[in-house]
Amino acid sequence: MTPTCADSLVVLDFETTGLSPDMGDRAIEIGAVRLEKGRVVERFQALMNPGKRVSSFIENYTGITNRMLSHAAPCDEVMEQFADFMGDHNLVAHNASFDKRFLDAELGRIYKSYHGDFACSLLVARRLYQDAPSHKLGALITYKNIPSGGGFHRALFDSEMTAKLWMTMLDDISQIITAQDVPFRLIQTLSKTPKRGVNTLLLAE
DNA sequence: TGCCAGGCCCTCTTTAGGGCCTT
């Protein structure tokens, strides 16, 4: 049986025009999957027109071109739809501080917010897989021998891969704490625990 | 044309600096 975490959560990923919404960067694609009892039960993917041209670097990095975005719905419209998809579920992202900044910024533009908790797969992975050569999403997928097919830097693909990594980490944690269910609050505590205290925390569960 | 940020975490640290990670 697949280990579970707090019944249902949403794993999301943004592609953006750059690194900082405070510097005027906008989201150009949102991808997300909803996990329920360890299975993907719903998917969301949409390009969104940021109202500005994206750089050639971003076109090359993501494969999302200005031509593609010219046919896309505006950010506000897409984020309205995504807010309905997301609801009040707990959220997961790889390097969540990045996605949280864009989520807050784009939701703020349509006067919305969310009420779930955010967890970061990068912070959890740094503690669980301290010997991994890198904690980039693609490197962790390779490190854990998770089949991918290789299509990184598109939002839905990256959110699917993050979800697979998340389930793998839950599996590994459940082996350590010998429990079928891994509480979301345990994951959040784990992601804030100093690395050398991780074993103590898990063995105490 | 080229650049921009911010949170986390380690160490040659804590009155700081720099690498990792995200696009």
Side-chain angles (χ1 to χ4, degrees), chain A residues 10-33 44-69 72 75 78-79 82 86 91-109 114 117-144 146 148 150-166 168-169 187-201:
Chain A
V10 168
V11 184
L12 64 91
D13 182 68
F14 277 106
E15 303 304 321
T16 69
T17 64
L19 295 173
S20 174
D22 290 340
M23 299 292 290
D25 288 318
R26 300 292 306 273
I28 58 173
E29 186 181 42
I30 174 77
V33 298
F44 185 99
Q45 184 277 327
L47 290 172
M48 51 185 122
N49 189 334
K52 60 188 277 190
R53 290 185 63 80
V54 302
S55 67
S56 57
F57 171 80
I58 294 297
E59 285 190 316
N60 291 329
Y61 187 80
T62 63
I64 300 169
T65 64
N66 283 292
R67 183 180 177 84
M68 292 162 67
L69 293 174
C75 295
V78 171
M79 291 307 298
F82 183 68
M86 176 175 62
L91 305 174
V92 171
H94 199 68
N95 198 6
S97 67
F98 174 85
D99 291 281
K100 184 177 186 301
R101 283 200 302 277
F102 278 93
L103 181 65
D104 289 341
E106 295 295 346
L107 287 178
R109 288 173 174 268
Y114 61 96
D117 288 323
F118 228 127
C120 177
S121 56
L122 169 65
L123 296 183
V124 178
R126 277 179 176 165
R127 286 156 176 80
L128 279 187
Y129 310 133
Q130 298 185 21
D131 293 334
S134 161
H135 296 90
K136 292 180 181 178
L137 178 59
L140 287 166
I141 294 298
T142 301
Y143 179 72
K144 294 303 294 181
I146 298 170
S148 72
F152 290 99
H153 306 310
R154 286 301 297 267
L156 181 59
F157 184 90
D158 283 2
S159 64
E160 298 245 24
M161 288 301 106
T162 302
K164 287 185 178 180
L165 173 64
W166 184 257
T168 300
M169 293 194 295
I187 302 276
Q188 288 195 304
T189 303
L190 178 67
S191 70
K192 296 171 186 171
T193 301
K195 283 184 179 177
R196 54 178 81 90
V198 166
N199 285 339
T200 303
L201 170 73

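The shown structure was predicted, so the numbers you read here are calculated from the model rather than taken from an experiment. Note on naming: letters A, B, ... go to the chains in the order of the sequence lines (proteins, then strands), and numbering restarts at 1 for each one.
- Separation of the C1' atoms belonging to B:dT1 and B:dG17 is 29 Å when rounded to the nearest angstrom.
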Quick one: which protein N/O atoms are closer than 3.5 Å to N/O atoms of nucleotides 18-20 of chain B? Pair and distance per line, please.
| residue | atom | partner | partner atom | Å |
| --- | --- | --- | --- | --- |
| B:dC20 | O2 | A:R126 | NH2 | 3.3 |

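- Remark: A:R101 pairs with no residue by the salt bridge (charged side-chain N to carboxylate O under 4.0 Å, His left out) rule, at least two apart or across chains.
- The distance from atom CG of A:L165 to atom CG of A:D158, rounded to the nearest 0.5 Å, is 11.5 Å.
- Every residue meeting the ring-ring contact (aromatic ring centres under 6.0 Å, His included) condition with A:F57, not counting sequence neighbours, appears here in chain and number order: A:Y61.
- In this entry the distance linking CZ of A:F102 with C1' of B:dT23 reads 7 Å, nearest Å.
- Annotation: B:dC12 and B:dG18 have their C1' atoms spaced 12 Å apart (nearest Å).
- A:H135 meets the ring-ring contact (aromatic ring centres under 6.0 Å, His included) test with no other residue; sequence neighbours excluded.
- Two residues, A:E15 and A:S191, neighbour DNA chain B, and the one matched to the more 5' nucleotide by heavy-atom proximity is A:S191.
- Separating the CD atom of A:E59 from the P atom of B:dT23 is a distance of 17 Å, rounded to the nearest angstrom.
- Of the C1' atoms belonging to B:dC10 and B:dT14, the separation is 12 Å, rounded to the nearest Å.
- Listed candidates were B:dG7, B:dT23, B:dC21. Nearest to the side chain of A:S97 is B:dG7.
- Whole-Å rounding puts the A:M23 CE to B:dA5 P distance at 5 Å.
- Of all nucleotides listed (B:dC8, B:dC21, B:dC4), B:dC21 comes nearest to the side chain of A:N95.
- In this structure, A:L123 reaches the sugar-phosphate backbone alone: every heavy-atom distance under 4.0 Å involves primed, P, OP1 or OP2 atoms, never a base.
- Contact check of residues 46-55 of chain A against DNA chain B (heavy atom, cut-off under 4.0 Å) returns no residues at all.
- Here A:F98 pairs with A:F102 under the ring-ring contact (aromatic ring centres under 6.0 Å, His included) rule; sequence neighbours left out.
- Using a 4.0 Å heavy-atom cutoff across all strands shown, A:D158 reaches sugar-phosphate atoms only and no base atom.
- Remark: C1' of B:dT22 and CG of A:D25 are 12 Å apart, rounded to the nearest angstrom.
- Looking at which nucleotide of DNA chain B each of A:H94 and A:D22 is closest to, the 5′-most match is held by A:D22.
- Across every non-hydrogen atom of A:A46 and A:V78, the tightest pair is CB-CG1, 3.7 Å.
- Remark: P of B:dT23 and CG of A:D99 are 7 Å apart, rounded to the nearest angstrom.
- Rounded to whole Å, atom P of B:dT23 lies 11 Å from atom CG of A:L122.
- Comparing the C1' positions of B:dG2 and B:dA16 gives a spacing of 28 Å, expressed to the nearest Å.
- The salt bridge (Lys or Arg N to Asp or Glu O under 4.0 Å) pairs that include a residue from residues 45-69 of chain A number zero, where partners must be two or more places apart or lie in different chains.
- The nearest whole Å value for the distance from the CZ atom in A:R154 to the P atom in B:dT23 is 13 Å.
- Remark: A:F157 pairs with A:F152 by the ring-ring contact (aromatic ring centres under 6.0 Å, His included) rule, at least two apart or across chains.
- Taking atom CG of residue A:L190 and atom P of nucleotide B:dC8, one finds them 15 Å apart after rounding to whole Å.
- The shortest side-chain heavy-atom distance between A:N66 and A:V54 falls under the 4.5 Å cut-off.
- Screening residues 12-24 of chain A for side chain to side chain donor-acceptor pair (under 3.5 Å) gives A:T17-A:D25 as the qualifying pairs, with residues at least two apart or on separate chains.
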